[in-house]
Number of protein chains: 2
Amino acid sequence: MNQMIKRKSGAQQLFDGEKVIVINGRAFSSADCPVRDVLTNVGGKWNTLMVQALADGPMRFSALRRLIPDISQRMLTQTLRDLERDGYITRTVFPTKPPSVEYRLTEMGRSFNQVLEPLVEWSATHHPTIRAARERFDAN
Amino acid sequence: MNQMIKRKSGAQQLFDGEKVIVINGRAFSSADCPVRDVLTNVGGKWNTLMVQALADGPMRFSALRRLIPDISQRMLTQTLRDLERDGYITRTVFPTKPPSVEYRLTEMGRSFNQVLEPLVEWSATHHPTIRAARERFDAN
DNA sequence: CAGTATCCGGGAGGATACTG
DNA sequence: CAGTATCCTCCCGGATACTG
């Protein structure tokens, strides 16, 4: 029930000649696999960091820049746009002058952050182990 | 405690002139941020899929090829090598002829899979919502 | 069977300059 | 302040061919 892939499924026949991935017993064209679709965002260099930056509360564009010093302006805008597009965050413009823009997690964004957190914790916990394994492997 | 980033920390001063990310109150050079280090793997196109493929039990190279039809030989090898290097899986060669090689999740690999599963579930659940949000956004 | 080796295109993302 | 607009580079990953 929890594994992404099931063996010995006849589902490969569902798409004629097309490559297929099987998740929870259902077949998807690997082109639009839902899990892949979401995990692509997770993999993006800035997406998860941005979600976590907004987890404490809404922030403005410039505040995000200061919080994440090594993101380029281009990537900050693009990441925020992508997250907005997929419904993770909302963008609110205040017509002050100069204008200020507030970014805020949606309900779904907060929901996502909750499944993200364990992964972050896991990463921090196991990072030393991974580093060690890597050095051991590279020693050969 | 659970958020990746803390505000109003003076930690930016810890690294002299270097860009810094702050996690759970500790500062890391953004070059070797532990969370980024792990999440990079999550983001790789095949890494998570491979972990899940092996979640049910060990598999051989050719079995993995059949299970994930649209991976190239090159990427299959490389993904397995990377996962082995970081300690997620082990690689065992059986000197039959022709040789067969078995890949198996380590304890850490299984541990990782457990924090991965909720993310996979979440993806499958929210995928329709995301698709809808995306179409709404693109309509403008 | 389980890999290497090589070539190659596309896209992610950085740097820089400009704007309402 | 909060963006666009370009340009450019690196490297991920696919395709193909060869090997112990």
Side-chain angles (χ1 to χ4, degrees), chain A residues 18-19 21 29-31 33 36-37 39-50 53-54 58-86 89-104 137 140, chain B residues 18-19 21 29-31 33 36-37 39-50 53-54 58-86 89-104 137 140:
Chain A
E18 201 181 348
K19 299 309 180 60
I21 295 177
S29 151
S30 54
C33 167
R36 166 80 48 82
D37 206 21
L39 258 49
T40 295
N41 279 355
V42 179
K45 188 168 182 179
W46 302 110
N47 294 290
T48 60
L49 191 57
M50 202 62 59
L54 294 171
M59 289 186 80
R60 289 176 48 187
F61 189 86
S62 54
L64 287 168
R65 283 208 76 177
R66 280 190 300 275
L67 188 66
I68 309 173
D70 59 342
I71 193 172
S72 66
Q73 216 157 351
R74 187 188 179 283
M75 276 300 106
L76 179 53
T77 303
Q78 184 176 309
T79 302
L80 289 169
R81 214 59 91 210
D82 289 347
L83 290 175
E84 184 195 4
R85 186 170 105 103
D86 284 8
I89 65 177
T90 58
R91 176 176 179 273
T92 312
V93 182
F94 296 99
T96 57
K97 75 176 171 180
S100 68
V101 179
E102 183 196 79
Y103 293 93
R104 180 189 297 263
F137 186 89
N140 300 351
Chain B
E18 200 181 348
K19 300 308 180 62
I21 295 177
S29 151
S30 54
C33 166
R36 166 80 48 82
D37 206 20
L39 258 48
T40 295
N41 279 355
V42 179
K45 189 168 181 180
W46 301 110
N47 294 291
T48 62
L49 191 58
M50 201 62 60
L54 293 172
M59 290 187 80
R60 290 176 45 188
F61 189 87
S62 54
L64 287 167
R65 282 208 76 177
R66 282 191 298 275
L67 187 67
I68 308 173
D70 59 341
I71 193 173
S72 65
Q73 216 158 349
R74 186 189 180 286
M75 276 301 106
L76 179 53
T77 303
Q78 184 174 308
T79 302
L80 290 168
R81 215 57 93 209
D82 289 347
L83 290 174
E84 184 195 4
R85 185 169 106 103
D86 284 10
I89 64 177
T90 58
R91 176 177 179 273
T92 313
V93 182
F94 295 99
T96 56
K97 74 175 174 182
S100 67
V101 180
E102 184 196 78
Y103 293 93
R104 182 189 296 264
F137 187 91
N140 300 349

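We use all heavy atoms of the structure for the numbers below, so side chains are in, but hydrogens, waters and symmetry mates are not. Note that the coordinates shown come from a computational prediction; the quantities given were computed from them, not determined experimentally.
- Separating the CZ atom in Arg66(B) from the CZ atom in Arg60(B) is a distance of 8.0 Å, to the nearest 0.5 Å.
- Phe94(B) comes within 4.0 angstrom of nothing in the nucleic acid, heavy atoms only.
- Atom CG in Asp82(A) sits about 14 Å away from atom P in dG11(C), given to the nearest Å.
- In this structure, the CD1 atom of Ile68(A) is 13 Å from the P atom of dG13(C), given to the nearest Å.
- Rounding to the nearest 0.5 Å gives a distance of 12.0 Å between CH2 of Trp46(A) and CG of Leu64(A).
- Taking CG from Leu49(B) and CZ from Arg36(A), the interatomic distance works out to 6.5 Å, rounded to the nearest 0.5 Å.
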For nucleotides 18-20 of chain C, give me every protein contact, N/O to N/O, under 3.5 Å, one pair per line with atom names.
none

With pairs defined as Watson-Crick or G-U wobble and both distances under 3.5 angstrom, please note down DNA chain D as a dot-bracket string, | for pairing with another strand. ||||||||||||||||||||
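- Whole-Å rounding puts the Arg65(A) CZ to dA15(C) C1' distance at 12 Å.
- For the pair Asn41(A) CG and dA12(C) P, the interatomic distance rounds to 11 Å; values are reported in whole Å.
- By the side-chain contact (heavy atoms from CB on, under 4.5 Å) test, Asp82(A) is found to be paired with Gln78(A), residues two or more places apart in sequence or in another chain being considered.
- Note that the CG atom of Leu80(A) and the CG atom of Leu54(A) stand 7.0 Å from one another [nearest 0.5 Å].
- Computed from coordinates, the Leu64(B) CG to dA2(C) C1' distance equals 12 Å when rounded to whole Å.
- Distances were taken from every side-chain heavy atom of Tyr103(B) (C-beta onward) to each of dG3(D), dG3(C), dA2(C); the shortest belongs to dG3(C).
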List the steps, then state whether side-chain contact (heavy atoms from CB on, under 4.5 Å) holds for Thr92(A) with Val101(A). CA-CA 6 Å; Thr92(A) 312; Val101(A) 179; over 6 Å; no
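- Sorted by first and then second residue, the pairs that involve residues 95-104 of chain A and meet side-chain hydrogen bond (donor to acceptor under 3.5 Å, both in side chains), not counting sequence neighbours, are Arg91(A)-Tyr103(A), Glu102(A)-Arg104(A).
- Put simply, NZ on Lys97(B) is 19 Å from P on dG3(C), counting in whole angstrom units.
- Atoms CE and CG, on Met75(B) and Asp70(B) in that order, are 13.0 Å from each other to the nearest 0.5 Å.
- Residue-level contact check: Ser100(B) touches the backbone only, with heavy atoms under 4.0 Å from sugar-phosphate atoms and none from bases.
- Contact of the Thr77(B) side chain with the Phe61(B) side chain is registered, since non-hydrogen atoms from C-beta on lie closer than 4.5 Å.
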Identify all pairs in which a protein N or O lies below 3.5 Å from an N or O of nucleotides 10-13 of chain D, and state each distance.
residue: dG13(D); atom: OP1; partner: Lys45(B); partner atom: N; Å: 3.1
residue: dG13(D); atom: N7; partner: Arg74(B); partner atom: NH1; Å: 3.2
residue: dG13(D); atom: N7; partner: Arg74(B); partner atom: NH2; Å: 3.4

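- In this entry the distance linking CG of Leu80(B) with P of dC1(C) reads 16 Å, nearest Å.
- Atom P of nucleotide dC1(D) and atom CZ of Arg91(A) are separated by 16 Å, given to the nearest angstrom.
- Evaluation of the salt bridge (Lys or Arg N to Asp or Glu O under 4.0 Å) rule for Arg81(B) yields Glu84(B) as partners, not counting sequence neighbours.
- For Asn41(A), the side chain to side chain donor-acceptor pair (under 3.5 Å) partners at least two apart in sequence or on another chain are Asp86(A).
- For Arg81(B), taking side-chain heavy atoms from C-beta onward, the closest of the listed nucleotides dC1(C), dA2(D), dT4(C) is dT4(C).
- Take Arg85(A) and apply the salt bridge (Lys or Arg N to Asp or Glu O under 4.0 Å) test, not counting sequence neighbours, and it matches Asp138(B).
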